[in-house]
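Values below: every heavy atom of this structure, side chains too, minus hydrogens, waters and symmetry copies. We name chains A, B, ... by the order of the sequence lines, and we start the count at 1 in each one.
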2 protein chains.
Amino acid sequence: MAQHDDSGRAADQVVHSIAERIRLGDLPDGQPLPPERDLMEEYGISRTVVREAVRTLSSRGLIEALPRHRPVVRKPGFDAAIDAVGSIVTHLLSEPGGVRNLFDTRIMVEAALARQAAQLATRDDIAALKEALEANAAAVEDSEEFYRTDNAFHGVLYQIPQNPVLPAIHRAYTTWLAPQWSQMPRLPERNRTNLGAHKAIYDAILMRDPDAAEARLRDHLSKAWAQVRETFGDV
Amino acid sequence: MAQHDDSGRAADQVVHSIAERIRLGDLPDGQPLPPERDLMEEYGISRTVVREAVRTLSSRGLIEALPRHRPVVRKPGFDAAIDAVGSIVTHLLSEPGGVRNLFDTRIMVEAALARQAAQLATRDDIAALKEALEANAAAVEDSEEFYRTDNAFHGVLYQIPQNPVLPAIHRAYTTWLAPQWSQMPRLPERNRTNLGAHKAIYDAILMRDPDAAEARLRDHLSKAWAQVRETFGDV
DNA sequence: TTTCCACGTTTAGTCATACCAAAACTGACC
DNA sequence: GGTCAGTTTTGGTATGACTAAACGTGGAAA
């Protein structure tokens, strides 16, 4: 029996093989992976290698490996992709200008979304925006809840184009920028300011005015950024 | 001595610790990781765990682990992040509508970039665009070269905002969408069409007309998409 | 002196075995 | 039929061993 692989990376072949089986639906979503002992027999490898393969698959986001449970196949969605980069992004954000750069892309993306919303939003989209806005308004006194509804309002913008990539990006932004936000002082006063900004954006979309929608949104996020700067200085 | 960790995931702690040391510059970029034997002693763990940790760090993109070499610390750039998701994205693109969804975000992003370019491009930016356009024009008869210069032209758009995240995104798009493109028929005729589109975009930016720039760009990429559809049908 | 190669020394890759503790399963008991 | 205790799996880790490739060193050759 070939005890030693020729290429020097037997684990990678197993990773590839299992990844392929997942992609082809051979290992369906939600199903637990075969036990490590079975896999070692199946591939003719030691458990060491199996474990390394499982590890890799896990950090690639193709399986979900909770501590003492059987790894579960997780057919990756766009947000699994977001998870996979989380570690790197953390590093990047800790570098000077990192947060700024990320936030700038957020401004750019949401500006484009606001513009698109003003042009293409359906009646249902507008209704969803209105609902989110009202939920946001109802929470001005509860900063915790305001934070959630604030996010939800922005989230509606990401849903309007009906592209599943976008909500994943929204989740990425909120996840990665959360550390900054969670340390910021939350005051009903600020909530009211932000609510006003949300309403302005909503109005511009309602008026089908892309330029205004973009401008209001940029203004809103730029002010949010100014608050971050106030709290953290340069980041 | 505590032979078994209480949490059930000693490796993750090691991963976190080493990641932190990399982030803080304790393990500088380009330096090889300490030998596995040293790490096991340092952390008081077995080699099994060390290896799993190294594996994880590697697939997270924080170190580069060539087959039989010492893993090398690789302070991740934005494009290391792109690598990390490659595996998942492959899966996503193989599903119906996957390529379409990704390409739509590209249209959205580049539309925003074109708009921004029309508003904010400096003289140098315009010069860079012009240069890229001329290189593109010089390559109409050489489809291979035209492909490269085409990419480069779009790449300039991603460079204008001076945000390092954006070029990484451009690389991501070209990498992930390359499989489709590389199988498409390349004809000087099509090259000329695309060149004309590029020129139209350039002109709009030169005229400082954001609406026109966005419109020309959307038109350009939509036609490119139509060609993809022609070649592959629904993807 | 510089270059280059043979040699011994690390070190990553893998295997085999063993143990523990937490899950998962099974069956008896209420 | 539902609950709980006991048994069997299964993941997490440790230990030791062996192979082959990479590395480092010093001496021989140019």
Side-chain angles (χ1 to χ4, degrees), chain A residues 1-19 21-22 27-74 83 87, chain B residues 1-19 21-22 27-74:
Chain A
M1 190 82 51
Q3 290 190 323
H4 297 90
D5 179 73
D6 45 290
S7 77
R9 286 153 295 126
D12 287 348
Q13 294 179 267
V14 177
V15 167
H16 185 270
S17 167
I18 295 180
R21 284 168 66 179
I22 292 176
L27 293 170
D29 191 27
Q31 180 175 303
L33 222 57
E36 296 178 356
R37 272 125 179 138
D38 289 7
L39 288 175
M40 50 184 285
E41 196 174 338
E42 180 176 344
Y43 287 98
I45 55 180
S46 75
R47 220 171 126 222
T48 313
V49 178
V50 172
R51 303 205 90 252
E52 289 193 18
V54 169
R55 266 259 157 191
T56 302
L57 288 167
S58 170
S59 51
R60 287 223 202 297
L62 275 66
I63 64 178
E64 190 154 12
L66 298 173
R68 283 224 165 241
H69 294 312
R70 295 271 288 283
V72 173
V73 173
R74 170 171 98 162
D83 292 353
S87 164
Chain B
M1 197 74 54
Q3 291 189 323
H4 297 89
D5 179 71
D6 45 290
S7 76
R9 289 151 297 133
D12 287 348
Q13 295 179 266
V14 177
V15 167
H16 184 270
S17 167
I18 295 181
R21 285 168 65 180
I22 293 176
L27 293 171
D29 192 27
Q31 179 175 304
L33 223 57
E36 297 178 355
R37 268 100 178 163
D38 291 7
L39 288 175
M40 52 185 285
E41 197 174 336
E42 181 175 346
Y43 287 97
I45 55 181
S46 75
R47 221 174 123 219
T48 314
V49 178
V50 173
R51 301 205 92 253
E52 289 193 18
V54 169
R55 264 262 154 189
T56 303
L57 288 167
S58 169
S59 52
R60 288 223 200 299
L62 276 66
I63 64 179
E64 192 154 11
L66 297 174
R68 282 219 165 248
H69 291 60
R70 294 271 287 283
V72 173
V73 173
R74 171 171 99 164

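Summarising the geometry, the separation between CZ on Arg51(A) and C1' on dG12(D) is reported as 5 Å, rounded to the nearest angstrom. If you take CD1 of Ile45(A) and P of dT14(C), they are 9 Å apart, rounded to a whole angstrom. Rounded to a whole Å, the CG atom of Asp38(B) is 12 Å from the P atom of dT10(C). Straight-line distance from the CZ atom of Arg68(A) to the C1' atom of dC19(C): 11 Å, rounded to whole Å. One interatomic measurement links the two molecules: CG of Leu66(B) to P of dA20(D), which rounds to 21 Å at whole-angstrom precision. For the pair Arg37(A) CZ and dC15(C) P, the interatomic distance rounds to 16 Å; values are reported in whole Å. Taking atom OH on Tyr43(A) and atom P on dT14(C), their separation rounds to 15 Å, with Å as the unit. Rounded to whole angstrom, the span from the CD atom of Glu36(B) across to the P atom of dA14(D) amounts to 14 Å.
Nucleotides of DNA chain C nearest to Arg70(A) and Ala65(B) differ in position, and the one nearer the 5' end is that of Ala65(B). Where Glu52(A) and His69(A) each meet DNA chain C at their nearest nucleotide, the meeting point lying more 5' is that of Glu52(A).
Within a 6.0 Å sphere centred on CD of Gln31(B), other residues, nucleotides and ligands contribute more than 12 heavy atoms. In the displayed structure, Glu42(B) atom CD is contacted under 6.0 Å by more than 12 heavy atoms of other residues, nucleotides or ligands.
Across dG11(D), dA21(D), dC15(C), the shortest atom-to-atom separation from the side chain of Thr48(A) is found for dC15(C).
In this model, the phosphate group of dT15(D) is not approached by any side-chain N or O of Arg47(B) to a distance below 4.0 Å at OP1 or OP2. Remark: Ser46(B) is in phosphate contact with dA14(D), judged by side-chain N or O atoms under 4.0 Å from OP1 or OP2.
Nearest approach of Leu27(B) to Val73(B), heavy atoms of both residues: O-CG1, 3.6 Å.
Between Ser58(B) and the options Leu66(B), Ile63(B), Leu33(B), a side-chain contact (heavy atoms from CB on, under 4.5 Å) holds for only Ile63(B).
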